[in-house]
Trainee: 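So that we are looking at the same thing, I have put the structure below in structure tokens.
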Amino acid sequence: MLPLLLVWFLVGPGLSILWVEPLNRFQLGGFPLGFWFAQQGSILVFVGLIGTYALIMNRLDRRYHRETLDRGGGSS
Amino acid sequence: MGVQGWTYLFVGLSFGLYLAIAWFGRVRDTRGFYVAGQGVPAAANGMATAADWMSAASFISMAGLISMMGYSGGVYLMGWTGGYVLLALLLAPYLRKFGKFTVPDFIGDRYVSDVARIAAVVCAVFVSFVYVAGQMRGVGVVFSRFLEVDINVGVMIGMAIVFVYATLGGMKGITWTQVAQYWVLITAFLIPAIAISIKLTGQPLPQIGMGSELTTGADAGTTLLDKLDQIHTDLGFAAYTAPFTSSSWSKLNVLLTTVALMVGTAGLPHVIVRFYTVKNVRSARHSAFWALFFIALLYLTAPATAAFARYYMIDSLQGKTERDLPSWFHSWEQTGLILWLDDGDGVLRYSAGDDNELFRSRGLDRQELTAIEADHQRWLSGSGGSDGRTALRQRGLAGPDRDIIVLATPEMAELSAWIIALIAAGGLAAALSTASGLLLVVSSSVAHDLYYRVINPAATESQRLLIGRSTIGLAVVIAGIFGIYPPGFVAEVVAFAFGLAAASFFPAIVLGIFSRRVGTVPAVSGMILGILFTATYIVGNRFFGMPAWCFGISAQGIGTVGMLLNFAVTLALTPFCAPPPPEVQRLIERIREPEPAGPAVMIETAPEH
């Protein structure tokens with residue numbers, strides 16, 4: 001979870017606000033790069049982050065369930 | 001068929017659909033009424049959350065804001081989507097596992113305190129009403145422009161529809177109606193954007209079109225954003241893509257406002273409560289993903305619409321004379337969203353300076369406007385009077401109203417009548433879906449948290465359902481009154497809603513989940529101090545002319561400071577105060593454990609319920 005929050009911080013407040021001026025010197029298609037991150041890129045990354053989180057956590061949950069079942073019986 | 005015929009058709013069809021859903025989704029118990037029986041599939045809940053979240057402001061005003069603000073508009077795009085990351089990672093799954101109805105429920109039970117519970121109820125009700133007022137006004141605006149009925153009649157029709165499906169179906173009716181409303185609003189937003197993108201740049205994807213070269217007109221071959229930057233600089237505005245162009249949008253303010261909006265989003269009760277309606281923790285996580293996915297469809301398109309509209313608006317007005325003004329200008333002039341006061345040369349000029357001739361008149365009463373216009377005519381003919389442009393500029397009315405961007409763009413781009421009509425149905429769907437979600441929060445806060453948990457814990461199921469239904473009915477009526485007599489400060493207090501949610505709920509919930517040590521006294525002091533600080537700063541700054549003494553931070557961004565203050569106070573007091581009682585500590589351990597493989601915790605079987 002912490003690495004995901006770190007990505008959230010680096011892309012959201014980071015690339016789109018704190019370092020937007022140096023990034024704007026680069027172009028992505030017809031976009032200044034920093035501007036693109038602020039209005040498009042950050043949103044795409046946010047969707048990806050929540051998707052990754054749901055996949056990882058639900059896999060952990062399933063593994064936990066298998067282990068408790070193997071030990072003979074659930075936790076409740 | 002003309003625009004009006006199409007509008008009646010679309011609005012009629014969509015309203016019929018909402019009512020039909022309400023009839024099939026009616027409920028008989030409080031679990032259905034407050035949390036839709038917790039049987040909503042993750043993707044459907046995601047759609048409902050998206051519709052709940054995307055209000056009249058997102059649909060009608062946001063693209064307009066971005067259009068006027070350029071880069072700084074990204075504050076809203078990032079703030080209102082980034083909050084879902086916090087919500088999904090830090091709050092939603094845990095609150096769902098906790099297994100109660102509302103946010104005040106969590107605060108009250110976790111901190112074993114009725115003071116905290118009541119503070120949370122007050123915040124939830126305040127935040128919700130602030131929001132609802134804006135939605136009802138949105139309904140009125142759409143009705144008055146597209147159907148040419150009186151604003152008040154429009155508000156009453158909207159109220160009647162919400163009243164029926166909210167009292168009949170509670171959360172269940174609202175959820176399934178919101179799913180339908182999502183489709184209406186997203187279709188209405190995407191189709192015009194795609195059509196305009198193809199028209200301007202030949203690109204079917206607006207997100208790519210925004211960064212492409214123009215294919216028509218005198219500017220063919222230049223990229224849209226370069227052209228906008230150039231137009232802006234020529235007119236004396238800051239370049240469209242340039243960051244941090246004014247002191248109110250300095251780097252610090254952009255950063256703090258974004259964070260306040262993000263954290264506020266994660267703390268807004270009508271969003272959080274949606275995660276109580278799914279089957280289990282796993283679906284709460286999936287549902288957060290779907291919610292942001294469906295929201296992103298609109299939020300990724302809005303900046304493109306903003307850029308297209310900015311270009312169209314300036315291109316079709318700048319340098320035009322009375323005779324060759326486009327027809328959309330005249331139809332929107334009547335709504336007060338746009339106004340032209342010429343300086344005598346007969347040519348329209350839009351600029352950032354004193355020679356600007358484009359204004360808006362919304363918020364002025366008719367007499368005042370007529371007086372200013374008459375004065376201006378006298379000034380033009382050289383017989384006394386005064387320059388109306390100065391008068392309007394001093395009232396802060398320079399430039400067209402931002403709402404015109406989404407509402408009028410299809411007309412600017414000369415799209416077909418049915419596409420223009422679609423916007424009306426979409427705007428109504430956005431406003432009604434958000435209004436109903438908020439009204440349910442008001443109802444559950446009052447009927448469940450206040451009446452059942454504090455005033456009369458012995459109430460029976462049917463008494464509670466009755467109270468729930470009557471409060472939601474009453475809330476609809478109050479919201480309608482706000483729509484008919486809009487308080488002038490709606491726009492101002494939205495900053496309030498996010499700031500307060502950020503400074504009050506967020507730290508209390510996060511610490512409540514992730515710390516076993518934080519007890520009642522520190523949490524309640526943190527919450528109260530956070531609210532007081534944020535509220536005083538916003539009220540003082542916006543209404544009493546207090547300077548932005550805190551490092552020049554604007555009222556919109558101060559919620560972040562309030563939140564940090566709340567965290568600091570709570571954590572500083574914690575070592576000196578008693579930890580929560582053992583049963584609460586066990587509760588915290590339980591909500592952080594993975595969910596057992598068996599069926600999910602149901603509300604009836606959850607302890608103390």
Side-chain angles (χ1 to χ4, degrees), chain A residues 1-5 7-9 11-24 27-70 73-76, chain B residues 42 66 70-75 77-79 81-90 93 207-208 210-213 223-226 229 240-244 251 254-255 258-259 262 281-282 285-289 291-293 295-296 299-300 302-304 306-307 593-598 601:
Chain A
M1 197 167 71
L2 273 180
L4 292 178
L5 279 179
V7 175
W8 169 81
F9 182 82
V11 175
L15 293 181
S16 315
I17 300 173
L18 291 175
W19 306 307
V20 67
E21 289 123 328
L23 279 178
N24 269 349
Q27 286 272 323
L28 180 89
F31 295 94
L33 191 57
F35 178 81
W36 183 81
F37 265 111
Q39 302 212 336
Q40 298 278 319
S42 56
I43 303 176
L44 292 170
V45 172
F46 295 154
V47 177
L49 282 177
I50 301 187
T52 319
Y53 173 75
L55 282 180
I56 294 177
M57 287 306 276
N58 289 349
R59 190 169 299 161
L60 276 180
D61 263 11
R62 263 199 301 280
R63 189 183 305 158
Y64 172 82
H65 292 160
R66 257 201 311 279
E67 280 167 12
T68 46
L69 285 180
D70 288 349
S75 63
S76 61
Chain B
I66 302 168
Y71 164 84
S72 308
V75 163
L77 293 166
M78 282 187 284
T81 52
Y84 275 85
V85 178
L86 297 177
L87 190 64
L89 269 57
L90 300 176
Q207 291 80 0
I208 296 179
M210 184 187 173
S212 306
E213 292 173 357
T223 63
L224 175 67
L225 290 174
D226 281 347
D229 279 351
Y240 190 77
T241 58
F244 320 126
K251 188 180 265 193
V254 169
L255 182 68
T258 309
V259 174
M262 284 175 171
V281 176
R282 252 201 319 281
R285 294 195 193 107
H286 278 307
S287 156
F289 166 74
L292 189 60
F293 175 82
I295 292 172
Y299 274 56
L300 287 171
E593 274 168 10
E595 198 170 39
V601 181

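Lettering follows sequence order; numbering is per chain, from 1.
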Trainee: List the steps and the verdict of side chain to side chain contact (heavy atoms under 4.5 Å, CB included) for A:F37 and A:V11.
Mentor: CA-CA 8 Å; A:F37 265 111; A:V11 175; 4.2 Å; yes
Trainee: Give, as side chain, backbone, both or neither, the part of A:L28 having an atom under 4.5 angstrom from any heavy atom of chain B.
Mentor: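 Nothing of A:L28, per the 4.5 Å heavy-atom cut-off to chain B.
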Trainee: Decide yes or no for A:F31 and B:I208: does some side-chain heavy atom of the first lie under 4.5 Å from some side-chain heavy atom of the second?
Mentor: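 Of all side-chain heavy-atom pairs linking B:I208 with A:F31, none is under 4.5 Å.
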Trainee: Contact part of B:S212 toward chain A, heavy-atom cut-off under 4.5 Å: side chain, backbone, both or neither?
Mentor: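 Neither; nothing under 4.5 Å.
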Trainee: Is a donor on one side and an acceptor on the other found under 3.5 Å between the side chain of A:W36 and the backbone of A:G41?
Mentor: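 Such a contact is absent between A:W36 side chain and A:G41 backbone.
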Trainee: Please classify the contact of B:F244 with chain A as side chain, backbone, both or neither, using a heavy-atom distance under 4.5 Å.
Mentor: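 Looking at B:F244, just its side chain touches chain A.
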Trainee: Please tabulate, for the side chains in residues 45-60 of chain A, all donor-acceptor contacts under 3.5 angstrom to protein atoms that are two or more places apart in sequence or on a different chain.
Mentor:
residue: A:T52; atom: OG1; partner: A:G48; partner atom: O; Å: 2.6
residue: A:N58; atom: OD1; partner: B:R285; partner atom: NH1; Å: 2.6
residue: A:N58; atom: ND2; partner: A:A54; partner atom: O; Å: 3.3
residue: A:N58; atom: ND2; partner: B:H286; partner atom: NE2; Å: 3.1

Trainee: Let's test your reading of the structure: which of B:D226, B:L86, B:T241, B:V75 forms the most heavy-atom pairs below 4.5 Å with chain A?
Mentor: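 Winner by heavy-atom pair count: B:T241.
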Trainee: Looking at B:L255, B:L87, B:V259, B:V254, which makes the most heavy-atom pairs under 4.5 Å with chain A?
Mentor: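 Highest number of heavy-atom pairs under 4.5 Å: B:L255.
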Trainee: Answer with side chain, backbone, both or neither: which region of B:M262 has an atom nearer than 4.5 Å to a non-hydrogen atom of chain A?
Mentor: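 The side chain, not the backbone.
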Trainee: Pairs in or reaching into residues 15-24 of chain A: which pass salt bridge (charged side-chain N to carboxylate O under 4.0 Å, His left out), with residues at least two apart or in two chains?
Mentor: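 Pairs touching residues 15-24 of chain A that pass the test: A:E21-B:K251.
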Trainee: What part of A:P13 gets closer than 4.5 Å to chain B, counting heavy atoms only: side chain, backbone, both or neither?
Mentor: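 For A:P13, backbone and side chain are both near chain B.
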Trainee: Name the region of A:S42, side chain, backbone, both or neither, that has any atom closer than 4.5 Å to a heavy atom of chain B.
Mentor: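 For A:S42, the contact with chain B is made by the side chain alone.
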Trainee: Between A:G12, A:G34, A:G29, A:S16, which has the largest tally of heavy atom pairs under 4.5 Å with chain B?
Mentor: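 The residue among A:G12, A:G34, A:G29, A:S16 with the greatest pair count is A:S16.
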Trainee: Quick one: of B:F289, B:Y240, B:F293, who has the most non-hydrogen atom pairs under 4.5 Å with chain A?
Mentor: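 Counting heavy-atom pairs under 4.5 Å, the top option is B:F289.
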Trainee: So for B:I66, is it side chain, backbone, both, or neither that comes closer than 4.5 Å to the heavy atoms of chain A?
Mentor: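 Looking at B:I66, just its side chain touches chain A.
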Trainee: Quick one: does A:Q39's side chain have a donor or acceptor within less than 3.5 Å of a partner on B:A302's backbone?
Mentor: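 No: the side chain of A:Q39 does not pair with the backbone of B:A302.
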Trainee: For B:L225, which atoms come within 4.5 Å of any heavy atom of chain A: side chain, backbone, both, or neither?
Mentor: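 The side chain, not the backbone.
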Trainee: Are the side chains of A:N24 and B:Y71 in touch, meaning some heavy atoms are under 4.5 Å apart?
Mentor: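 No - every pair of side-chain heavy atoms lies 4.5 Å or more apart.
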Trainee: Taking all non-hydrogen atoms of both residues into account, name the closest pair between B:L300 and A:Q40 and its distance.
Mentor: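 Heavy-atom minimum between the residues: O-NE2, 2.9 Å.
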